[in-house]
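To start, the structure under review is shown below, and the notes come after it.
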Amino acid sequence: MFDNKFVQQRIEKAKLLKEAGFNPYSNQSKRNTTIEKYLNVNSDIADMEDKRDEKRHYIVSGRIKLLRVMGKASFVKIEDESGMLQVYVTRDNLPEDFYNTIFKKNIEVGDIIEVGGFPFVTGKGELSLHVDTFTILTKAISPLPEKFHGVTDKEIRYRKRYLDLIMNADVRKTFQTRSKVISLTRRFFEDKGFLEVETPMMHPIAGGANAKPFVTHHNALGIDRFLRIAPELYLKRLIVGGFEAVFEINRCFRNEGMDATHNPEFTSIEFYWAYKTYKDLIEITKEYFKYLFEHLNLPTQLPYGEMIVNFDNFVEIPLIESLTTIGGVPAESCNTKESILAYLKTQNITVKPNLNLGQLQGELFDEFVEEKLIDPTFITEYPVEISPLARRSDENPAITERFELFIAGREIANAFSELNDPIDQLSRFEGQMAAKDSGDDEAHEMDKDFVEALSYGMAPTAGQGIGIDRLVMLLTNEHSIRDVLLFPAMKPINNDHTQEVVESE
RNA sequence: GUCUUGUUAGCUCAGCUGGUAGAGCACGUCACUUUUAAUGAUGUGGCCGAUGGUUCGAAUCCAUCACAGGACACCA
């Protein structure tokens, strides 16, 4: 480590600074303003006659991003979290020899410094800081990426996110937006009277969704645990317990493939609302988006890649209807297994054998409808076969009181009136067990403890899950989930070949 | 999991049908007291992702592997 020539050179500079009495890792910061505040407070300087006010004095800190040395004067761009500031450093305004022997020889791009001085506007019109005190706070011994192109290599950006954040202001902005989305979401539901709760991340049974779990081991009890694939069944136990509105924002884990919209750990909000139905969820979802857009100052005609998504146009349509009106599937090819299979054959689409009617309708939807749903669309009335935890419609027992929300061709939320009939829930679980026995390894697990909870009576309840990562992607116009996760999952790098051989034997 | 495209200096990238490894930025040295990716001069910096093969000769051709990007599949 640190055998790179440039790193060695900078280590040497740190040593020289120390020998000259300047601690290259000082923590004696005297900063009294941020760059953003400095620029705001001194915006009046431009209107002054001599464009300077030597009576004001500020101390700012930041990382050197650009350095222009011109003999006895230099311009340095420093950046803190709030912004970028140009500071003007001259030989004659600093202690004797400091400029020549310390500043010019041992300070460079990447270092974190603290400067004090007065505000002025340069000949080219830029509000700057005229430096009279200069402190080195932190010496960077590794050089930063190139100043103009920055770091663009995606592998470096994801593995060394700190470099990405140093170099790319828009990346910082994306993650600031992500943070705002989460805190606005929390505030929205709290203001509605929801209680934020924390349920286990390690489950004895991985339930609440159809997905493969990660397995870990609990030594004290000598049993395996599953990282949760969804918090759903625990949140509903809380409704049984008498809480009437709960939500949880946290991570779920799924042991499946990774791509532009899937990371093994991802963040969701799930909320459950007693004495409500999925119809109420449609309304609160519209309200939620309105709230987010207002507080994030986003246009309701939101650009996403090549698309413009119209958030003034929420659409609601039953799944079967969407197959024909949006998907273009002939109406007579939607209602029986035989007709759907025949239609899929004409479209050269092959599906797994032995799918039931509901699953086949789901296939038609995935194939012909999903990607066409650009404006926010609530797809309602899902077949019961693909909705093991949702309440049946009173009018039509083949469908459930459920919707999924699609935006820009992607699923953003899944919601339904909850199944609270313990006998029905038990038989749905049994149906899932049968599917599991016949080879569907993603079928839902039996959870008798949950059925028992329902047996004590769960008030009629509606519940919803929203994928926060995909939502943030939409709101920040990012097209890979890795670009909205600070540290996306990456394969570890292993350069040690001997170790690799030992491990594989 | 399959297909496909990458991997060359700290970073951004050239390097043709095989013939001694290139540029810009950064860094060193010199000049320069209002610059804006400052400028001019000059210099340092490489296990060309790894391993094997073909060849007189491989960054370049072939194979395997590693990692990454994209697409598909799986999955919500």
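Being a predicted model, the structure only gives us computed values, none of them experimental. Proteins come first, then strands; the chains are lettered A, B, ... in the order of their sequence lines, and each starts at number 1.
- A/Tyr158 comes within 4.0 angstrom of sugar-phosphate atoms only, judged by non-hydrogen atoms across all strands, and of no base.
- Note on A/Arg254: only backbone sugar-phosphate atoms sit closer than 4.0 angstrom, heavy atoms only; bases stay farther off.
- Here A/Val7 lies out of heavy-atom contact (under 4.0 Å) with every strand.
- Here A/Met167 lies out of heavy-atom contact (under 4.0 Å) with every strand.
- Among B/A37, B/U12, B/U34, the nucleotide with an atom closest to any side-chain atom of A/Arg52 is B/U34.
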For nucleotides 40-48 of chain B, 5' to 3', base contacts (B), sugar-phosphate-only contacts (S) and non-contacts (-) with protein non-hydrogen atoms under 4.0 Å give ----BS---

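- A 3.5 Å limit on both hydrogen-bonding distances identifies B/G69 as the Watson-Crick or G-U partner of B/U4.
- Distance noted for atom P between B/A68 and B/U8: 15 Å (whole Å).
- A sub-4.0 Å separation between OP1 or OP2 of B/C11 and a side-chain N or O of A/Arg157 is absent.
- For B/C25, the OP1/OP2 oxygens have no side-chain nitrogen or oxygen of A/Lys147 closer than 4.0 Å.
- Distance noted for atom P between B/C13 and B/G18: 26 Å (whole Å).
- Residue A/Glu126 contributes atom CD, which lies 11 Å from atom C1' of B/U34 at whole-angstrom precision.
- When heavy atoms are screened at a 4.0 angstrom cut-off, A/Tyr99 is found touching no nucleic acid atom at all.
- Distance noted for atom C1' between B/U60 and B/C48: 10 Å (whole Å).
- For A/Pro143, the side-chain atoms get nearest to B/A26 when compared with the rest of B/U36, B/A26, B/G24.
- For A/Phe253, there are no ring pair (Phe, Tyr, Trp, His ring centres under 6.0 Å) partners, not counting sequence neighbours.
- Using cut-offs of 30° and 60° on the angle between ring planes, the pair A/Phe311 and A/Phe314 is perpendicular.
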TODO: Start with the C-alpha distance between A/Ile340 and A/Glu363, add both sets of side-chain angles, then the distance that settles side-chain contact (heavy atoms from CB on, under 4.5 Å), and finish with yes or no.
DONE: CA-CA 9 Å; A/Ile340 293 172; A/Glu363 290 288 336; over 6 Å; no

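- Across B/A14 and B/A59, the matching C1' atoms stand 12 Å from one another, rounded to whole Å.
- In this structure, the CD1 atom of A/Ile78 is 16 Å from the C1' atom of B/U36, given to the nearest Å.
- Counting any heavy atom pair closer than 4.0 Å across all strands shown, A/Lys77 reaches a base atom.
- Side-chain atoms of A/Phe148 lie closest to B/A37 of the nucleotides B/C11, B/A37, B/A68.
- B/G22: Watson-Crick or G-U partner is B/C13, with both key distances under 3.5 Å.
- Across B/A21 and B/G15, the matching C1' atoms stand 8 Å from one another, rounded to whole Å.
- In this structure, the CG atom of A/Asn255 is 11 Å from the C1' atom of B/C75, given to the nearest Å.
- A close approach under 4.0 Å does not occur between any side-chain nitrogen or oxygen of A/Arg159 and OP1 or OP2 of B/C67.
- Within 4.0 Å (heavy atoms only), A/Gly467 reaches no atom of the nucleic acid at all.
- To the nearest whole angstrom, the two C1' atoms, one in B/A66 and one in B/G19, are 30 Å apart.
- Atom CG of A/Leu85 is separated from atom CD of A/Glu36 by 12.0 Å, given to the nearest 0.5 angstrom.
- For A/Phe98 and A/Phe22, the distance between ring centers is under 6.0 angstrom.
- A close approach under 4.0 Å does not occur between any side-chain nitrogen or oxygen of A/Lys154 and OP1 or OP2 of B/A68.
- Nucleic acid contact for A/Leu66: sugar-phosphate only, since backbone atoms but no base atoms lie under 4.0 Å from a heavy atom of the residue.
- With a cut-off of 3.5 Å on both pairing distances, the Watson-Crick or G-U wobble partner of B/U39 is B/A31.
- Between A/Phe271 and A/Phe189, the ring-plane angle classifies as tilted under the 30° and 60° cut-offs.
- On the P atoms, B/U51 is 41 Å away from B/G40, given to the nearest whole Å.
- Contact annotation for A/Arg470: no contact, since no heavy-atom pair falls under 4.0 Å across all strands.
- When side chains are defined from C-beta on, A/Met473 counts as touching A/Arg410, because their heavy atoms get closer than 4.5 Å.
- Contacts of A/Asp153 with the nucleic acid, taken as non-hydrogen atoms under 4.0 Å apart, involve only primed sugar atoms and P, OP1 or OP2.
- Heavy atoms of A/Glu108 sit under 4.0 angstrom from primed sugar atoms or phosphate atoms, though from no base atom.
- Proximity of A/Lys105 to the phosphate of B/C30: a side-chain N or O atom is located under 4.0 Å from OP1 or OP2.
- B/U29 and B/G45 are spaced 15 Å apart, taking the C1' atom of each and rounding to whole Å.
- The side chain of A/Arg68 contributes an N or O atom lying less than 4.0 Å from OP1 or OP2 of B/A38.
- Ring to ring, A/Phe118 and A/His130 are close: their centroids are under 6.0 angstrom apart.
- Taking side-chain N and O atoms only, A/Thr152 has a distance below 4.0 Å to OP1 or OP2 of B/C13.
- Aromatic ring pairs are classed by plane angle as parallel below 30°, tilted from 30° to 60° and perpendicular above 60°; the pair A/Tyr58 and A/Tyr38 is perpendicular.
- Between A/Tyr382 and A/Phe416, the ring centre distance reaches or exceeds 6.0 Å.
- The residue A/Lys124 sits close to a base: some heavy atom pair falls under 4.0 Å.
- Residue A/Glu155 has its side chain nearest to B/A68 when only B/A68, B/C11, B/C75 are considered.
- Within 4.0 Å of A/Lys13, counting heavy atoms only, lie sugar-phosphate atoms of the nucleic acid but no base atom.
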